[in-house]
Amino acid sequence: MNHSQFKSFFEENYSPLCLYAYRIVNDDGLAKDIVQDSFLKIWEKIEGSDIENPKGYLFRIVRNKALDETGAQHTTLDDSFIGPSVDSSEKSLIIDECYDILKELLSRVPFKSREIFEMSRSAGI
């Protein structure tokens, strides 16, 4: 990816990523810092590597950085969490990543509590 392609990539993804990060950290300045750091990280990696899905990779970087900042406390998964400015393919990616976060958080919960939670979701209890 050359400089002009990266600039277009940045302009296309900056706002949705800021919104995504904001929904996790609840701090506009911190969300922007996370997104900027994430773009810097992907710029450093993209030159020498063959990243198949730079957009998905970038969302994952933002998610991980945001969760590091919050201690992985946020797990809301509905459309209001993602926001109206994100297209359906991005929403799908974000929701999938959020489910991954939820699974990871649930793995930390004691077995009986996790079992009760999972039953309440699957059986509507």
Side-chain angles (χ1 to χ4, degrees):
M1 184 180 295
N2 65 34
H3 183 67
S4 65
Q5 290 171 322
F6 189 81
K7 183 180 178 185
S8 296
F9 179 69
F10 176 87
E11 291 170 354
E12 178 183 318
N13 292 290
Y14 181 78
S15 293
L17 283 164
C18 285
L19 177 62
Y20 180 49
Y22 176 79
R23 296 294 186 171
I24 297 171
V25 298
N26 258 350
D27 181 306
D28 190 50
L30 180 58
K32 288 177 181 177
D33 288 345
I34 288 168
V35 172
Q36 289 173 357
D37 289 346
S38 299
F39 271 107
L40 179 60
K41 184 173 182 175
I42 198 168
W43 175 251
E44 291 169 350
K45 288 196 177 252
I46 209 163
E47 283 189 47
S49 66
D50 190 24
I51 300 172
E52 287 185 31
N53 182 0
K55 189 177 202 174
Y57 185 71
L58 185 59
F59 267 88
R60 182 156 294 158
I61 293 171
V62 168
R63 179 197 68 189
N64 290 341
K65 285 182 175 291
L67 290 174
D68 286 347
E69 290 292 329
T70 63
Q73 298 298 313
H74 193 81
T75 59
T76 305
L77 300 175
D78 61 13
D79 278 351
S80 64
F81 161 70
I82 299 168
S85 65
V86 180
D87 69 34
S88 62
S89 63
E90 287 177 81
K91 281 184 181 182
S92 178
L93 176 65
I94 293 168
I95 289 171
D96 288 345
E97 290 183 359
C98 288
Y99 276 113
D100 290 342
I101 294 166
L102 181 58
K103 286 178 195 175
E104 197 274 322
L105 290 173
L106 281 173
S107 72
R108 298 179 188 176
V109 174
F111 177 75
K112 280 293 187 191
S113 298
R114 182 174 58 241
E115 185 177 46
I116 291 167
F117 176 80
E118 289 172 350
M119 285 174 37
S120 74
R121 298 294 174 225
S122 64
I125 297 173

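Positions are given from 1 along the sequence.
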Return the [atom1] to [atom2] distance between [X] and [Y], rounded to the nearest 0.5 Å.
X: Lys32; Y: Asp27; atom1: NZ; atom2: CG; answer: 10.5 Å
X: Ile42; Y: Arg60; atom1: CD1; atom2: CZ; answer: 11.5 Å
X: Phe39; Y: Trp43; atom1: CZ; atom2: CH2; answer: 12.0 Å
X: Tyr57; Y: Lys41; atom1: OH; atom2: NZ; answer: 5.5 Å
X: Leu58; Y: Asn53; atom1: CG; atom2: CG; answer: 10.0 Å
X: Tyr20; Y: Asn13; atom1: OH; atom2: CG; answer: 13.0 Å

Q) What pairs with Tyr22 under side-chain contact (heavy atoms from CB on, under 4.5 Å), at least two apart in sequence or on another chain? A)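 Tyr22 satisfies side-chain contact (heavy atoms from CB on, under 4.5 Å) with Asn26, Asp28, Ala31 once adjacent residues are dropped.
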Q. Sequence neighbours excluded, which residues qualify as side-chain contact (heavy atoms from CB on, under 4.5 Å) partners of Gln36?
A.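 In terms of side-chain contact (heavy atoms from CB on, under 4.5 Å), with neighbours along the sequence ignored, Gln36 is linked to Tyr14, Asp33.
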Q) Any salt bridge (charged side-chain N to carboxylate O under 4.0 Å, His left out) pairs touching residues 10-22, not counting sequence neighbours? A)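 As it turns out, the salt bridge (charged side-chain N to carboxylate O under 4.0 Å, His left out) pairs with a partner in residues 10-22, which skip direct neighbours, are Glu12-Lys55.
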Q: Might you point out which heavy atoms bring Val25 and Ala66 nearest each other, and give the distance in Å?
A: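 Closest pair (atom of Val25, atom of Ala66, distance): CG1-O, 3.7 Å.
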